[in-house]
2 protein chains.
Amino acid sequence: MSDINKGVPWDFPQFHNWVAVGRVSIMVRKAMADQLVGLGLDLPAYDVLSTVCRFPGLTQTGLAEKLLVGRSNLSMMLPDLEKKEYVVRKLDPKDKRLRRLYLTEEGEKLARQGLAIQLRLLEHMLSPIDELESEAAGQTMRKVAKHLEASPFQG
Amino acid sequence: MSDINKGVPWDFPQFHNWVAVGRVSIMVRKAMADQLVGLGLDLPAYDVLSTVCRFPGLTQTGLAEKLLVGRSNLSMMLPDLEKKEYVVRKLDPKDKRLRRLYLTEEGEKLARQGLAIQLRLLEHMLSPIDELESEAAGQTMRKVAKHLEASPFQG
DNA sequence: TGGACTAAGTTCAACTTTGAACTACAAATG
DNA sequence: CATTTGTAGTTCAAAGTTGAACTTAGTCCA
């Protein structure tokens with residue numbers, strides 16, 4: 001390592017570890033996006049369908065929080081998904097501010113096809129990793145996520 | 001778990017593990033973006049500065065590959081960074097197609113300040129994780145990245 | 001009840017990011 | 001050495017994403 005690089009982050013193993021996480025994350029999103037073309041979906045639409053499939057009756061704000069996107073994003077996207085009849089929004093009778101999200105039969109079918117693809121992709125990408133190791137990495141990530149949510153970084 | 005969810009991905013631990021990776025990745029990018037406001041940088045600009053800091057003389061295409069963004073993106077962004085005098089592009093004398101990237105003194109300063117922030121953020125987010133565990137997770141991620149590069153998923 | 005306050009969702013204009021088509025240069029092939 | 005093929009970078013228009021301001025509905029509390 002050259003002198004000029006002394007004391008910079010790439011001296012620290014943690015830095016490399018984190019860079020790898022970021023790279024894998026982007027690579028998998030791209031791979032998934034490629035596969036979804038066959039279903040006529042893009043990644044954001046798939047994120048909506050798969051999440052509503054898992055959590056039917058979710059509100060738009062709830063969905064935005066899960067996906068870590070802005071609410072306005074969903075206000076733009078959901079009318080399209082409704083027009084394609086993948087999703088329906090039902091006003092909550094108890095609280096008329098809430099528009100609860102459900103999949104149509106068509107939407108459910110697409111979500112499940114997408115989820116099947118995602119499972120195969122996971123299986124492929126994790127094939128060089130034994131189950132224990134993968135579970136350990138997942139455990140670590142969940143710990144970090146929990147910690148970051150509980151105490152966000154303040155400079 | 002209700003009947004309707006049988007056979008869907010969230011029955012599989014791998015699915016949860018992967019979702020955690022994705023979430024942490026986005027959360028950290030957001031946290032980093034917040035911190036960079038103080039330096040007058042956004043995340044894409046920081047990605048450029050930190051990467052050129054680490055790999056001076058990188059070409060634009062090389063940088064695009066490292067950052068996993070399109071080349072056109074950099075063609076839009078780099079003139080701005082050059083105007084702000086954070087970056088200079090020098091034509092390679094041996095191959096006039098190549099524009100090699102270097103940081104100015106100012107750019108170098110900003111990159112190092114950003115990298116220092118990134119290290120503190122890493123330290124914070126990894127505080128509940130012991131070093132061995134974090135190293136193991138990094139190792140796992142590097143294996144996966146390598147595998148995905150060597151054999152991309154083909155449906 | 002009424003007035004202030006909070007939360008859900010929408011709109012809109014600004015900003016990003018992308019991919020396809022293009023130019024300029026280099027390398028390979030005959 | 002001329003032609004073909006390939007690579008680096010740019011341009012431009014289209015699509016996506018965002019935050020701030022707004023509307024409407026619910027909550028709190030005097």
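No experiment lies behind these values; they were computed from the predicted model shown.
B/Asp95 meets the salt bridge (Lys or Arg N to Asp or Glu O under 4.0 Å) test with B/Arg97; sequence neighbours excluded.
Between B/Lys143 and A/Asp130 there is no salt bridge, since no side-chain N of the basic residue sits under 4.0 Å from a carboxylate O of the acidic one. Salt bridge annotation for A/Arg23-B/Glu149: present, with a cationic side-chain nitrogen under 4.0 angstrom from a carboxylate oxygen. Under the 4.0 Å criterion applied to side-chain N and carboxylate O atoms, B/Lys109 and B/Glu85 are not assigned as salt-bridge partners. Between B/Glu108 and B/Arg112 there is a salt bridge, since a side-chain N of the basic residue sits under 4.0 Å from a carboxylate O of the acidic one.
If you find the closest nucleotide of DNA chain D to B/Leu98 and to A/Pro93, the one lying nearer the 5' end belongs to B/Leu98.
Counting atom types as modelled, B/Arg99 pairs no side-chain N or O with a base atom of D/dG9 as donor and acceptor under 3.5 Å.
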Could you list all N or O pairs between the protein and nucleotides 13-18 of chain D that sit under 3.5 Å apart?
{"residue": "D/dT18", "atom": "OP2", "partner": "A/Asn73", "partner atom": "ND2", "Å": "3.1"}

Using atom names, set out every protein N or O paired with an N or O of nucleotides 1-3 of chain C below 3.5 Å, distance rounded to 0.1 Å.
none

Let me have the donor-acceptor pairs involving side chains of residues 32-39 of chain A, under 3.5 Å, with sequence neighbours excluded, atom names and distances please.
{"residue": "A/Gln35", "atom": "OE1", "partner": "B/Gly155", "partner atom": "N", "Å": "3.4"}

Review item, side-chain donor-acceptor pairs of residues 56-79 of chain A, under 3.5 Å, at least two apart:
{"residue": "A/Thr59", "atom": "OG1", "partner": "A/Gly62", "partner atom": "N", "Å": "3.0"}
{"residue": "A/Gln60", "atom": "OE1", "partner": "A/Arg89", "partner atom": "NH1", "Å": "2.7"}

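We find that NZ of B/Lys90 is positioned 19 Å from C1' of D/dG9, with the value rounded to whole Å. In this structure, CZ of B/Arg71 is placed 8 Å from C1' of D/dT7, rounded to the nearest angstrom. Atoms NZ (A/Lys94) and C1' (C/dA7) sit 18 Å apart, rounded to a whole Å. One can place CG of B/Leu63 at 13 Å from P of C/dT17, the figure rounded to the nearest angstrom. Distance CG (B/Leu101) to P (D/dA8): 13 Å, rounded to an integer number of Å. In this entry the distance linking CG of B/Leu58 with C1' of D/dG9 reads 14 Å, nearest Å. As a whole-Å value, the separation of B/Asp92 CG from D/dT7 C1' is 13 Å. At whole-Å resolution of the value, CG in B/Leu67 and C1' in D/dG9 are 16 Å apart.
Contact check, B/Thr61 against D/dG9: a side-chain N or O comes under 4.0 Å of OP1 or OP2. For A/Arg89, a side-chain nitrogen or oxygen approaches OP1 or OP2 of C/dT10 to under 4.0 Å. Contact between the side-chain N/O atoms of B/Gln60 and the OP1/OP2 oxygens of D/dT7 is not found at any separation under 4.0 Å.
The OG atom of A/Ser134 sits 10.5 Å away from atom CH2 of B/Trp18, with the distance rounded to the nearest 0.5 Å.
No continuous path of hydrophobic side-chain contacts links B/Leu91 to B/Leu81 [ILVMFWY only; heavy atoms under 4.5 Å]. No path of Ile, Leu, Val, Met, Phe, Trp and Tyr side chains, each step under 4.5 Å between heavy atoms, connects A/Val88 with A/Leu98, placing them in separate hydrophobic clusters.
A donor-acceptor pair shorter than 3.5 Å can be found between the side chains of B/Thr140 and A/Glu133.
Taking five base pairs at each end of the helix from C/dT1-D/dA30 to C/dG30-D/dC1, the local helix axes there meet at an angle of 30°, rounded to 10°.
What you find for A/Asn17 and B/Gly138 is that their closest heavy atoms are OD1-CA, 3.3 Å.
Of the candidate nucleotides D/dG26, D/dA8, D/dT11, D/dG26 has the atom nearest to the side chain of A/Arg97.
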